[in-house]
Each structure stands twice: as C-alpha cells, then as structure tokens.
Protein chains: 2
Amino acid sequence: MQAPDTPDSIDRVIVDAILAGRITAGTRLGEQSLATLFSVSRTMTREALIRLEARGIVQVSSRRGWFVIKPSFEEAQEAFQARQAIEMGILMAVQRLGPEVVDKLRAHIVRERAAIASDDLEARSFLLGDFHVCLVEALGNRVLADILRDLTARTVLISALYQSVHDATASCDEHEAITNALAGGDLKRAADLMVSHIGNVEAGLTRAKDDDPLTNLRQALKLSPRRE
Amino acid sequence: MQAPDTPDSIDRVIVDAILAGRITAGTRLGEQSLATLFSVSRTMTREALIRLEARGIVQVSSRRGWFVIKPSFEEAQEAFQARQAIEMGILMAVQRLGPEVVDKLRAHIVRERAAIASDDLEARSFLLGDFHVCLVEALGNRVLADILRDLTARTVLISALYQSVHDATASCDEHEAITNALAGGDLKRAADLMVSHIGNVEAGLTRAKDDDPLTNLRQALKLSPRRE
DNA sequence: CGTTCCAATCTTGTATGGAAGTCTGATCCG
DNA sequence: CGGATCAGACTTCCATACAAGATTGGAACG
C-alpha cells in the first residue's frame, strides 16, 4: 500500500476495501488519517475523497468529516433498481457475444466457488460483486463498465448495511445460470435471470438498521430491540 | 454567475454550458481563468474540475491543462450504446407510471418545439438532451437520473463534435412518439422507440472530425480537405 | 536560410498555514 | 444533583506560495 504508483491509487485502494467489505457504510475517512497512512499530504487525500464523492461513494459533512455513504433504505432500493434496469438493458442490447466472454465468466465463477469453499469472506464479497463488472467489461463497453463498478460498490455497502441474507452459494448459482444462458445464446433468458438475481439479493435486505441508528451499538451490547 | 451559492455551483455552470452547446469538446478550462471568472481561488476551480473529471466530462493533461473531453469515434459509439442499454432498461423496468410523468413530458415537448420554432439553438440543445433526464427524473430514481445526466452531457458534446445531422424536429417528434407510447401504457413500445431514437441520433454522426485534428482550423480557414 | 537550443512564460502539481465550524467534556451555577 | 455554558481539541475549508513540467518564440549557430 506504500506505493504511490498512480495519482488515483488512493481511490482504488478505498474502493477495493469497500468491495471486499473491509470498509463498511458510515466509516469515517479523515483527510489527515489517510494522508498519514499513504504518506502523502492532505491535498492528495482530499482530492481522492472529492473524486469518490463525485462517484457517489463517500459523502462529506461540512467541517465534520468524510464518511463512506450510508444509503437510506429507499436509496438502497433505488440502487438495486438502477442495477436491474441497467444490467437488463445491457444484456438485451448485446449484439454479438464472443466465446471468450463465457470463458471469462466461467473462470470467474470457479474463483467465486473457491472463495466460498475456503470461507474467504473478503474474496467472496469482492468476487460476487465483481462478476457483474466482469460481465460488462467483457462485453467491451467501458462507459457502462465504469458506471457499473461504482454502482456495485454501492450495492456491496448496502448489502452489509441491511445485512442481506441472500446466500453466497445461491448468488453463485445464479451467476452460473446467467452464464449458461449466455453460453446458449439466449440473451432474453439471461436478462430475465439477471433481473431476478438482483431482485433476490434486494429481497434479502432487511429494513431494520435504517430505522434506528443505535442498532449497531445495541447489537454489540446484546440488548434486545427497543429496550433502552 | 457571481453568486457562489453552493460549493459545486461551478460544476453546474460548466455542465449547463455544455448541455447548451456553449462549450464544446476540447475546450480548454484553465484553473486560473475559471478562478478569476468565478471570483474564487484556484483551489475551488481545481476541485470542481476534479469532480468533473470523475464524472467523465473533462480531462486533465499533465501540466498542460484541463480540457472538455473529446471522445474518439469509438468512445462516442460506446456512449450512445450505453444510453440505449440504460434507457431501454429503465423503460422496461418501470413498474407504475403516474399520469404526472406524461404531463411533465408533454410540457417539456412544448418547450422543445418553442425553442426550435424560435431558432434558440442553446435552448434547443439543452432541451433535446434534457428530455431524457426529465423522463428518468420523473420516474423517481435519482441514481439513474444522475447517471443519465452525465451521459447526456457527453452525448451533447459528441453530437457537436461529429456534427450529428439528425434533425431537431425529428428528435422532437420521436420524443413525442415515446411520450404517446408511455401515455398509452405501452412500455415495450416506448422502449423500442427509445432505442431507435437514440440509434437515429447515433446514425447521424459522421466520422470525419475524428481523423484529422486540424479539421477545426481547416474549416475556420475555409481550406478544402487534404490540401495543405 | 534552416536548425538547434535555450530562456521566458504559462500551465498544473503539491504542500502548508491559518480560518472557521463542530463536537466533547469540564466547569460553573442554581 | 441537573443543566447550561464555554474552552479546547478536533475537523474540514480555502487561499496562497512555490515547485516543476510544457510550450513557445527568438537567438545563436551551421
């Protein structure tokens, strides 16, 4: 992490940490803290945070601090709906599908299963989200890939926030079903499967955490709900 | 323009200028020039430019300057394809369509026609792009609205760059047809019309400008092509 | 006359210092 | 003891200064 390769490597490290679930919604990202960590000046970290803010991944609260976004339940639903619409549209608009796309996806699924089998939670979180990025990247449209990457980061945050109970194995199975449909050239079916897959993940969300900012603390203290 | 209401008002002014066609692809946006114009320090304009860069609207060339993006022909096609996929997906995913959406769109079309009739080129450019933003905004998903706003800005730049010959009146007619399909509740048809509408605009692009960076100068000097 | 080189100038890149708002916790008062 | 007040220790916010690369125009040279 010490290597300041590119000017936006800070962005990447933060986003990767989010995708891996090492950073969760609401986490504070202080300009000075990051600067110390990356051995750069506050200017650099501030610029990185500004970029991430423009990408909808962090928020600044005036003179209070920078925080990873903590979407409301409604915003969470909007994010999932956005992904449903976009990913469906992408699949329906596919003109030509090279075999290398399917190969890449199958290889990805192998890695997913490996991460699940070895209980590597970070790799699991990252790979399950990355499948969708991988798919759209393989289709060759960078514009869409960029959009989906950020949207996926948001979705990972949301899943952790509203503790999606959607099983990782189930997700992986659904990824496989989508890939199989693509391999068979049945784009319509792939699109339908994609919609239901994202819908399944969304359906696993629970509203709980949104209503009560004390939930985290309450859980940590093992208090039963609503008993102050 | 003197009013520094919000910290990101600079962003908005620039994007609005792009949507209205007052700023075109490749325009230089100097940090100091903007700072003087907005009566702020270079820090502020730099932050605004960084935000716009994250949104894919401007680019920085190291120690040379900031420029409005000048997409290659391939990138232009990607942007249009992205819009086709996303907007189709949005329409296909609509659950419920309130009558106020149609009303809003009809009002928008009236303004489009007025701008066309009065030869107000800036309003025309802005409104023709804004129709799509308006539509997705009316559907109530802010995530998608934000994405489409930026994508629309890119598309407006592209249309000017590759001098789209698609007629404004035709675009407006197509907007109306889409709105009518929505009013009739025929979402599938609306989606199809949207795809062909965006396809029509894309089809009007000409590759010419991309090949020769001197085209602008050549045209300005009224030289015939390839006669140095 | 054509070419090379260099210096002046313009641009962004980066660090730093102080202004100003926000929160915390101690102190003071009733 | 309970509640208001205020000092301080944070934080971001914003401006400024200087560093350093890029460009340009002209001078020097063949």
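Quick caveat: nothing in here was measured; it's all calculated off a predicted structure. Throughout, protein chains are lettered first and strands after them, A, B, ... in sequence-line order, and every chain is numbered starting at 1.
- With D:dC13, C:dT12, D:dC14 as the choices, the nucleotide that has an atom nearest any side-chain atom of B:Val60 turns out to be C:dT12.
- The interatomic distance linking A:Phe38 (CZ) with C:dA15 (P) rounds to 14 Å, in whole Å.
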Acceptor/donor pairs from residues 142-151 of chain A side chains to any protein atom, 3.5 angstrom cut, sequence neighbours excluded:
| residue | atom | partner | partner atom | Å |
| --- | --- | --- | --- | --- |
| A:Arg142 | NH2 | B:Glu78 | OE2 | 3.1 |
| A:Asp146 | OD1 | A:Arg149 | NH2 | 3.3 |
| A:Arg149 | NH1 | A:Glu137 | OE2 | 3.2 |
| A:Asp150 | OD1 | A:Arg55 | NE | 3.1 |
| A:Asp150 | OD1 | A:Arg55 | NH2 | 2.7 |
| A:Asp150 | OD2 | A:Arg55 | NE | 3.1 |

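- The distance from atom CD of B:Glu31 to atom P of C:dG13 is 6 Å, rounded to the nearest whole Å.
- Proximity note for A:Arg28 (side chain, C-beta onward) versus D:dT16, D:dT11, C:dG13: the nearest is D:dT11.
- One can place CD of A:Glu47 at 14 Å from C1' of D:dC13, the figure rounded to the nearest angstrom.
- We find that CZ of A:Arg46 is positioned 16 Å from C1' of C:dG13, with the value rounded to whole Å.
- With no hydrogens or angles considered, no side-chain donor-acceptor pair links B:His108 and B:His175 at under 3.5 Å.
- When all heavy atoms of A:Cys172 and A:Ile116 are compared, the pair lying nearest together is CB-CD1, 4.0 Å.
- A salt bridge is defined here as a Lys NZ or Arg NE, NH1 or NH2 lying under 4.0 Å from an Asp or Glu carboxylate O, and A:Glu122 with A:Arg22 meets this definition.
- If you check the side chains of B:Glu31 and B:Trp66, you find a donor sitting under 3.5 Å from an acceptor.
- Both B:Thr43 and B:Gly30 sit near DNA chain C, but only B:Gly30 has its closest nucleotide nearer the 5' end.
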> Where along nucleotides 17-23 of chain D does protein come under 4.0 Å, by heavy atom, of base (B) or sugar-phosphate alone (S), with - for untouched nucleotides?
Replying inline: B--BBSS
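- Protein atom CD of B:Gln59 is 15 Å distant from nucleotide atom C1' of C:dT12, rounded to whole Å.
- One atom, CD1 of B:Ile50, and another, C1' of C:dT14, lie 11 Å apart when rounded to the nearest Å.
- With sequence neighbours excluded, the residues forming a side chain to side chain contact (heavy atoms under 4.5 Å, CB included) with A:Thr155 are A:Phe80, A:Arg83, A:Ser159, listed by chain and number.
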